[in-house]
Protein chains: 2
Amino acid sequence: MSESIRLFEVEMNIGEIARRAGVARSTVSYALSGRRPVSPATKRRIQAVIDEIGYRPHAAARALKEGRTRAIGLVIPPASLLLTDMQLGFVASVVEAAAHADLDVLLSPSGGDHDRSFERLISGRRVDGVILMEIRLEDERVTRLQQAGLPFVTIGHTARPQGTCWVDVDYATLVARCVHHLADLGHRTVALINRSTELVAAGYGPAHRAQAGFAEAVRRRGLSGMNVPCADNPAAGEECFEQLRERHGEITGIVTVNEAALPGIQRGIERAGVAVPRELSIAGVAARHWAEGFRPQLTAADVPTLEMGTHAVDLLLERIATPDGAPRHLLLAPPISLRDSTGPAPAR
Amino acid sequence: MSESIRLFEVEMNIGEIARRAGVARSTVSYALSGRRPVSPATKRRIQAVIDEIGYRPHAAARALKEGRTRAIGLVIPPASLLLTDMQLGFVASVVEAAAHADLDVLLSPSGGDHDRSFERLISGRRVDGVILMEIRLEDERVTRLQQAGLPFVTIGHTARPQGTCWVDVDYATLVARCVHHLADLGHRTVALINRSTELVAAGYGPAHRAQAGFAEAVRRRGLSGMNVPCADNPAAGEECFEQLRERHGEITGIVTVNEAALPGIQRGIERAGVAVPRELSIAGVAARHWAEGFRPQLTAADVPTLEMGTHAVDLLLERIATPDGAPRHLLLAPPISLRDSTGPAPAR
DNA sequence: TTGTAAGCGTTATCAT
DNA sequence: ATGATAACGCTTACAA
């Protein structure tokens with residue numbers, strides 16, 4: 001439209017700055033990086049030129065010379081699978097934390113037929129490190145990254161996580177705590193609404209660990225318990241709840257790790273006219289936002305997605321700085337927030 | 001752990017390939033790009049070496065030489081605001097479409113205090129083009145991009161979109177269609193549950209256009225209608241619905257563009273024991289996934305996020321290829337899918 | 001059909 | 001305190 005369109009179409013490289021300021025290119029570079037003293041006078045002169053034409057160093061040139069990109073990769077599940085709120089929370093917090101450290105984030109959908117994208121990231125040296133989400137117990141992306149020698153951190157952990165860097169939430173412990181909480185309230189028959197059969201079959205850690213923690217706690221407390229798989233969507237949650245009521249009316253306590261099914265569970269409860277927590281108690285693991293949206297508000301371990309994303313970035317930065325340092329990890333077991341969905345077991 | 005860790009730690013550049021294959025560097029380059037004929041024999045020899053040591057060209061070096069990065073930027077709302085499902089749909093489909101075109105996607109949260117991230121993308125020439133989400137009627141990011149001369153496409157459009165490239169859904173038309181649909185069914189008093197007051201104040205296009213389309217259609221059909229702002233979350237939706245019932249019991253039809261409020265609206269309906277569509281009809285604009293999750297399923301214009309994201313990428317690629325071509329845009333008005341939430345107005 | 005060499009914009013190592 | 005210059009790994013015009 002106006003002349004302003006071409007305002008910044010001037011050559012804009014360090015040589016041009018040097019020319020206009022009447023100094024050598026290296027001087028400009030040093031003035032910017034501060035890696036060698038530059039007299040205040042020339043520094044001012046250079047800065048003036050830079051401000052005038054709005055110069056910023058060319059990322060690719062810098063990356064080529066320095067051997068690092070100042071960018072990290074974030075590998076997410078493919079778009080075909082809708083992201084859950086929790087996964088979304090991770091993405092958001094990683095992007096946030098990265099921005100805070102002046103890092104750019106390259107998104108890479110994996111699985112599906114998108115291996116090319118992942119491979120570009122790795123072998124094209126587009127990033128200094130990678131954060132991997134939705135880890136499987138056996139995960140080939142992890143082995144690919146270790147053989148490539150690229151620093152990485154996983155959100156979630158594999159079956160044998162020794163030697164890798166990760167942050168995760170301790171599903172086994174959290175689910176166990178929920179069971180203990182229900183047992184303390186006098187419940188004797190409880191169910192776990194878990195993630196989908198497919199995920200379990202695919203070796204998805206959280207589903208496995210939830211199941212294990214549940215089984216162990218049920219055994220310890222001498223309860224009778226059942227594990228129910230449920231797909232990650234409201235409709236499945238509703239159906240799952242109805243079947244549970246129909247076939248196992250004796251159940252008085254439910255534990256769930258299936259955040260996406262919650263709205264369906266809630267609908268099931270309301271349609272069945274079940275009073276929570278008088279007739280039925282529910283506890284679970286979910287993002288706070290979901291727990292508070294549930295009616296009545298859900299007694300749950302709130303998954304600290306923000307904290308986890310931030311930590312993942314911190315760990316990655318550490319790993320990039322010292323690739324041979326001892327790999328650290330973080331297993332979070334946030335406390336259960338007592339809300340309104342659990343209460344004493346109904347008298348027989 | 002094992003020796004495999006250092007497997008790919010060898011020098012891996014085009015010169016090394018050339019050396020091992022016994023040809024010149026340029027020959028390797030040409031063999032890869034196909035920009036000049038290479039004899040089958042040497043081509044095979046080169047490919048063998050490449051396969052053996054797993055070579056991929058260094059992205060930064062290529063970007064520096066070619067002057068383009070093969071990456072695009074996707075500017076999203078800051079993490080502080082939870083992304084709605086529709087926004088998430090855009091992100092997913094853009095990433096998907098970009099991957100399909102062998103493009104990487106750099107994520108940049110904007111707004112908040114994240115201008116540095118945005119600025120890095122632009123002036124650091126990290127990307128060949130940008131897709132901008134959540135456009136305001138007056139949007140400084142747009143002007144920044146035009147003065148930088150960087151190709152961009154917006155999802156949504158500004159108040160004066162001439163000369164820019166965009167894809168958007170035609171909220172005015174869609175909301176008007178909903179009103180007409182309700183009017184055809186005999187409804188005389190209708191309400192629009194819009195987005196939040198803050199968004200309207202901030203000059204958020206969809207909210208403005210929904211309001212305008214609603215007002216116009218109501219006028220044309222001689223209905224009485226009211227516009228109700230509502231924050232983007234279930235709790236606000238529920239409260240909004242309750243207030244509507246309380247203060248305006250005469251309303252028999254509701255139109256909503258507030259996807260995130262839907263679960264709350266549904267809860268409100270169920271708690272109030274209102275029969276939909278016998279006593280109250282609801283129509284709206286939402287992602288199909290939400291419309292089908294509503295009970296009863298929501299009569300709604302399904303926002304084709306997948307299609308929009310794909311088109312945005314296509315337009316951007318076109319713009320990158322011919323920056324001075326006439327800017328094109330796409331204003332989508334998908335048909336309303338008749339589902340179960342609308343019916344004849346109740347007899348007085 | 002293939003090889004040689006220049007140059008993209010930086011940073012870093014020499015000098016001065 | 002500053003300047004010239006050599007890389008970084010790639011593409012491509014120019015020679016052969």
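None of these values were measured; they are calculated from a predicted model. The chains referred to below are lettered A, B, ... by the order of the sequence lines, with proteins before strands, and numbering in each begins at 1.
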Side chain to side chain contact (heavy atoms under 4.5 Å, CB included) involving B:S110 - partner list, sequence neighbours excluded: B:V75, B:R141
Any residue of residues 13-23 of chain A with a heavy atom less than 4.0 Å from an atom of DNA chain C: A:N13, A:I14
Pairs involving residues 118-130 of chain A, ordered by first then second residue, that meet salt bridge (charged side-chain N to carboxylate O under 4.0 Å, His left out) (sequence neighbours left out): A:E119-A:R144, A:R120-B:D102, A:R120-B:D104, A:R126-B:D104
With A:A202 via side chain to side chain contact (heavy atoms under 4.5 Å, CB included) - residues at least two apart: A:R136
Which atom of B:S123 lies closest to which atom of A:R56, heavy atoms considered: CB-CG, 3.1 Å
5' priority, DNA chain D, between B:S26 and B:A60 [closest heavy atom]: B:A60
Outermost nucleotides of DNA chain C that come under 4.0 Å of a non-hydrogen atom of chain A: C:dG9 to C:dC14
Pair B:S93-B:T310, side-chain donor/acceptor within less than 3.5 Å: no
Sugar-phosphate, base or nothing in reach of B:S33, heavy atoms under 4.0 Å: nothing
Contact list for residues 26-40 of chain B, test salt bridge (charged side-chain N to carboxylate O under 4.0 Å, His left out), sequence neighbours left out: none
Partner set under side chain to side chain contact (heavy atoms under 4.5 Å, CB included) for A:A326, not counting sequence neighbours: none
Contact boundaries on DNA chain D for chain B, cut-off under 4.0 Å to non-hydrogen atoms: D:dG9 to D:dC14
DNA chain C: 5'-proximal contact among B:A61 and A:L32 (nearest heavy atom): B:A61
Contact summary for A:I46 and A:A31, nearest pair of heavy atoms: CD1-CB, 3.8 Å
Residue pairs passing the side chain to side chain donor-acceptor pair (under 3.5 Å) test where at least one lies in residues 18-31 of chain B, sequence neighbours excluded: B:E16-B:R19, B:E16-B:R20
Atom of B:V153, atom of B:A312 and distance for their closest heavy-atom approach: CG2-O, 3.9 Å
Point-to-point distance, once rounded to the nearest 0.5 Å, from CG of A:L332 to NE2 of A:H311: 7.0 Å
Sugar-phosphate, base or nothing in reach of B:S39, heavy atoms under 4.0 Å: sugar-phosphate
Overall bend - the helix from C:dT1-D:dA16 to C:dT16-D:dA1, comparing terminal axes fitted on five pairs, nearest 10 degrees: 50°
Summary of ring pair (Phe, Tyr, Trp, His ring centres under 6.0 Å) pairs that have at least one residue in residues 138-163 of chain B, sequence neighbours excluded: B:H157-B:W166
Residue closer to the 5' end of DNA chain D, B:R36 versus B:K65 (nearest nucleotide): B:K65
Residues that A:L137 engages under side chain to side chain contact (heavy atoms under 4.5 Å, CB included), provided they are two or more places apart: A:A159, A:H208, A:R209
Touch class at under 4.0 angstrom, heavy-atom based, for A:R35 against every strand present: sugar-phosphate
